[in-house]
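Count residues from 1 along the sequence.
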Amino acid sequence: MSRRVRLWILGVGGGGLAALLVAACLRMPDFGGDRHPYGDRAVRTSLAQRTANTVSSVNFDQRAFDTMGEMAILFAAVLGTVVLLRQTRDEHRAQPAPAHVAPQVRRYALLTLPVALLTGLYVIAHGQLSAGGGFQGGVVAATALHLLYLGADYGALERIRPVGLYEVGDALGVSAYLVLGLAGVLAGTAFLANTLLPHGTFNTLSSGGAVPLLNAAIGMEVACAAVVLLARFLDQAVEIEESGK
């Protein structure tokens with residue numbers, strides 16, 4: 001395909017997308033207006049399902065199928081990274097020498113690591129109650145582990161980060177989400193319908209029906225995915241070398 005044809009295709013596609021965006025913006029409510037039909041319905045449904053955090057209600061109850069698509073994109077990205085960054089025949093692993101770490105950095109990283117890890121787990125567990133959830137808490141928990149890389153060395157990080165187990169955890173998180181969705185079908189309702197569990201008492205950990213479980217599944221998947229992604233890129237930067245070097 002020539003450059004001219006590619007530019008024509010890009011122009012036609014970009015023009016169509018621009019027209020759709022303009023049409024959507026013209027139908028938006030006035031800025032600062034008091035009419036918010038989607039927001040009003042989302043809040044009403046969230047309260048009816050005993051979910052204090054409306055954002056989590058939207059993500060894991062009202063639009064749980066969309067969230068499954070986002071999870072699938074992340075899982076595909078991890079799978080692609082693992083395949084593309086795998087060790088090839090002309091590469092070998094060279095164990096990096098421990099680097100000097102300033103005492104101040106070491107103390108800060110090692111003291112912050114458990115606090116950051118607990119914060120990530122707290123954000124996942126309380127996603128149906130307050131700001132946060134599986135996506136945010138999973139990233140916090142995963143990056144917290146890498147404070148050991150800053151405070152100690154790469155070898156210490158590898159000892160608490162067996163990549164194979166995190167790859168399994170990533171797959172289990174995705175599977176748990178799908179199983180919870182299929183359980184609704186087996187129960188005679190709909191895929192990912194929030195009807196399997198009692199909605200519980202508003203503003204408690206057991207509230208929201210299936211929202212906490214879906215939140216936990218996403219948290220596990222995101223945390224493990226982030227660890228695997230960082231591991232593969234760090235391997236390339238720190239350990240893997242070409243045979244000729």
Side-chain angles (χ1 to χ4, degrees), residues 52-53 55-56 59-60 67 70-71 73-75 77-82 84-87 91-174 176 203 205 212 214-242 245:
N53 183 7
V55 176
S56 287
N59 289 339
F60 302 107
T67 302
E70 298 171 6
M71 176 186 64
I73 292 172
L74 178 59
F75 183 75
V78 173
L79 183 61
T81 301
V82 170
L84 292 175
L85 296 184
R86 67 188 185 279
Q87 185 175 345
E91 294 176 334
H92 72 281
R93 290 183 177 272
Q95 189 65 27
H100 173 72
V101 180
Q104 299 87 345
V105 175
R106 183 185 299 273
R107 286 195 296 269
Y108 177 80
L110 297 182
L111 288 174
T112 307
L113 191 155
V115 177
L117 182 59
L118 288 175
T119 300
L121 297 176
Y122 178 91
V123 171
I124 295 173
H126 292 77
Q128 72 276 15
L129 304 179
S130 57
F135 285 102
Q136 298 87 344
V139 172
V140 172
T143 52
L145 296 178
H146 291 78
L147 288 171
L148 191 61
Y149 177 46
L150 300 179
D153 58 23
Y154 190 71
L157 173 63
E158 283 190 313
R159 286 192 288 272
I160 68 165
R161 190 209 57 186
V163 180
L165 292 181
Y166 285 96
E167 291 175 346
V168 172
D170 187 13
L172 288 177
V174 174
N203 210 26
L205 280 177
L214 294 174
N215 216 7
I218 285 289
M220 181 178 182
E221 197 270 336
V222 170
C224 292
V227 169
V228 174
L229 284 174
L230 289 171
R232 294 306 179 187
F233 283 105
L234 279 174
D235 283 350
Q236 290 289 324
V238 177
E239 280 196 285
I240 295 180
E241 297 180 353
E242 292 182 4
K245 293 184 177 180

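Not a single side chain to side chain contact (heavy atoms under 4.5 Å, CB included) links Ala77 to another residue, sequence neighbours left out. The side chain to side chain contact (heavy atoms under 4.5 Å, CB included) test applied to Ala216 returns no partner, not counting sequence neighbours. Among residues two or more places apart in sequence or in another chain, the side chain to side chain contact (heavy atoms under 4.5 Å, CB included) test is passed with Leu165 by Pro162. Qualifying side-chain hydrogen bond (donor to acceptor under 3.5 Å, both in side chains) partners for Ser56, counting only residues two or more places apart in sequence or in other chains: Asn53.
Considering only heavy atoms from C-beta on, Leu148 stays 4.5 Å or farther from Asp153 through its side chain. Counting heavy atoms from C-beta outward, Leu205 and Leu129 have side chains that approach closer than 4.5 Å.
Within the model, atoms CG of Leu214 and CG of Asn59 stand 10.5 Å from one another, a figure rounded to the nearest 0.5 Å. Taken to the nearest 0.5 Å, the CG atom of Leu84 stands 9.5 Å off from the CG atom of Leu79. Rounding to the nearest 0.5 angstrom, the gap separating the CD atom in Gln128 from the CG atom in Asn215 is 6.5 Å. Within the model, atoms CZ of Arg161 and CG of Leu230 stand 8.5 Å from one another, a figure rounded to the nearest 0.5 Å.
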Indicate every side-chain donor-acceptor pair of residues 166-174 with a distance under 3.5 Å to a residue at least two apart or in another chain.
unit_1, atom_1, unit_2, atom_2, d
Tyr166, OH, Ile160, O, 3.4
Glu167, OE2, Arg232, NH2, 2.5

Solution key, residues 106-125 side-chain donor-acceptor pairs under 3.5 Å, sequence neighbours excluded:
unit_1, atom_1, unit_2, atom_2, d
Arg106, NH1, Gly151, O, 3.1
Thr112, OG1, Tyr108, O, 2.6
Thr119, OG1, Val115, O, 2.7

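Scanning all heavy atoms of the two residues, the minimum distance from Ile218 to Phe60 falls at CG1-CE2, 3.5 Å.
Checked by atom type and distance alone, the side chain of Asn203 never pairs as donor or acceptor with a backbone atom of Ala52 at under 3.5 Å. Looking at Thr81, its side chain never comes within 3.5 Å of a backbone N or O of Leu229 through a donor-acceptor pair.
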Could you give me the CA-CA distance, side-chain angles and deciding distance for Val163 and Val227, then say whether side chain to side chain contact (heavy atoms under 4.5 Å, CB included) is met? CA-CA 8 Å; Val163 180; Val227 169; 6.0 Å; no
Exercise. Evaluate the side chain to side chain contact (heavy atoms under 4.5 Å, CB included) criterion for residues Val139 and Val222: first the C-alpha distance (whole Å), next the side-chain angles of each, then the deciding distance (0.1 Å), finally the verdict.
Key: CA-CA 6 Å; Val139 172; Val222 170; 3.7 Å; yes
